[in-house]
Amino acid sequence: MATIKLTKNELKAQKDALKMYQRYLPTLTLKKQQLQSEIRTIDARAKEVREKRKALEKEFSQWIAVFGEQDAFDPSMVTVSNIRKGQGNIAGVKIPVYEGADFARGDYDLYSKPLWIDLAADRMEKALSYDLEADVLEEQVRLLSQELRVTTQRVNLFEKVKIPETKANIKRISVYLGDQQVAAVVRGKISKKNLELAAKKESGEAEE
């Protein structure tokens, strides 16, 4: 515990600090709970998108197999040309928001490729879109988890260190000042008694 001055000014400073800690702690606790809830929700959403991606890939593979022309479609035919992202805010944390993507398709000979190649490209774009969305959601979780760690540290600091320490300081200073006040009263009484005794002595000597 840091050294503190045992004075009335320090007592006031400690009481003001305690009020501040007790005022901000509920806000920090609420923020912590909000972040935990948002992280769970977004993480679940990211897993859901990943599962949709896997289901689409499985369906896609089975669908192409039906045509018996697995080599006709090359995934590199579809590429991401632009990712559109916005910006959101959760509990004061700025996060990216997936708003979609633009895709480019490589040139291919429509006469030499099977008729279903365009449909396959559409499925590929959807699969890539799922991947991009999941990546952004996971980035949101990372940023919010980082803020949650900092907020949790602050909550613990206030709850387990600052508030107990400040209360102990207030008690220590109050006890000391109380003792000083009692001692001052005792000294005052002793001084008064001594003065009375001295006065009586002087009065007695004068009578003689």
Participant: Kindly indicate whether the side chain of V97, heavy atoms from C-beta on, has any atom under 4.5 Å from the side chain of Q140.
Facilitator: yes
Participant: Below 4.0 angstrom, N of the basic side chain to O of the carboxylate: do R50 and E138 qualify?
Facilitator: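 Here R50 pairs with E138 in a salt bridge, since their nearest N and O are under 4.0 Å apart.
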Participant: Count I, L, V, M, F, W, Y as connected when their side-chain heavy atoms are under 4.5 Å apart, and connections chain through other members. Are L35 and I42 then in the same cluster?
Facilitator: yes
Participant: Tell me if a side-chain donor or acceptor on S81 pairs with a main-chain N or O of D102 at a distance below 3.5 Å.
Facilitator: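 At least one qualifying donor-acceptor pair exists.
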Participant: I want to check something: taking the side chain as every heavy atom from C-beta on, are I170 and L11 in contact at a cut-off of under 4.5 Å?
Facilitator: yes
Participant: Just so I know, are the side chains of D16 and K12 near enough to count as touching, which here means a heavy-atom distance under 4.5 Å?
Facilitator: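 In contact.
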Participant: Quick test of your reading of the model: are D122 and K126 salt-bridged, counting only N-O distances below 4.0 Å?
Facilitator: no
Participant: Are L18 and V155 co-members of a hydrophobic cluster defined by side-chain heavy atoms under 4.5 Å apart?
Facilitator: yes
Participant: Under 4.0 Å between a side-chain nitrogen and a carboxylate oxygen: does that hold for K54 and E57?
Facilitator: no
Participant: Out of R154, R149, E147, which one pairs with T151 under the side chain to side chain contact (heavy atoms under 4.5 Å, CB included) rule?
Facilitator: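 Running side chain to side chain contact (heavy atoms under 4.5 Å, CB included) over R154, R149, E147 with T151 returns exactly one hit, E147.
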Participant: Using a strict cut-off of less than 4.0 Å between a Lys/Arg side-chain nitrogen and an Asp/Glu carboxylate oxygen, indicate whether E133 and R53 qualify as a salt bridge.
Facilitator: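 Not counted as a salt bridge, because no side-chain N and carboxylate O are separated by less than 4.0 Å.
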Participant: Does Q14 use its side chain to pair, donor to acceptor, with the backbone of K167 at less than 3.5 Å?
Facilitator: no
Participant: Do M20 and I4 sit in the same hydrophobic cluster, where Ile, Leu, Val, Met, Phe, Trp and Tyr count as joined when their side-chain heavy atoms come under 4.5 Å apart?
Facilitator: yes
Participant: Kindly say whether Q33 contributes a backbone atom to a donor-acceptor pair with the side chain of S37 at under 3.5 angstrom?
Facilitator: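 Flag not set: sc S37 to bb Q33 has no pair under 3.5 Å.
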Participant: If we ignore hydrogens and angles and just use 3.5 Å, is the side chain of S129 paired with the main-chain N or O of E125 as donor and acceptor?
Facilitator: no
Participant: Are any of the side-chain heavy atoms of F103 and V80 separated by less than 4.5 Å?
Facilitator: yes
Participant: If hydrophobic clusters are built by linking Ile, Leu, Val, Met, Phe, Trp and Tyr wherever their side-chain heavy atoms come under 4.5 Å apart, do V141 and V150 end up in the same one?
Facilitator: no
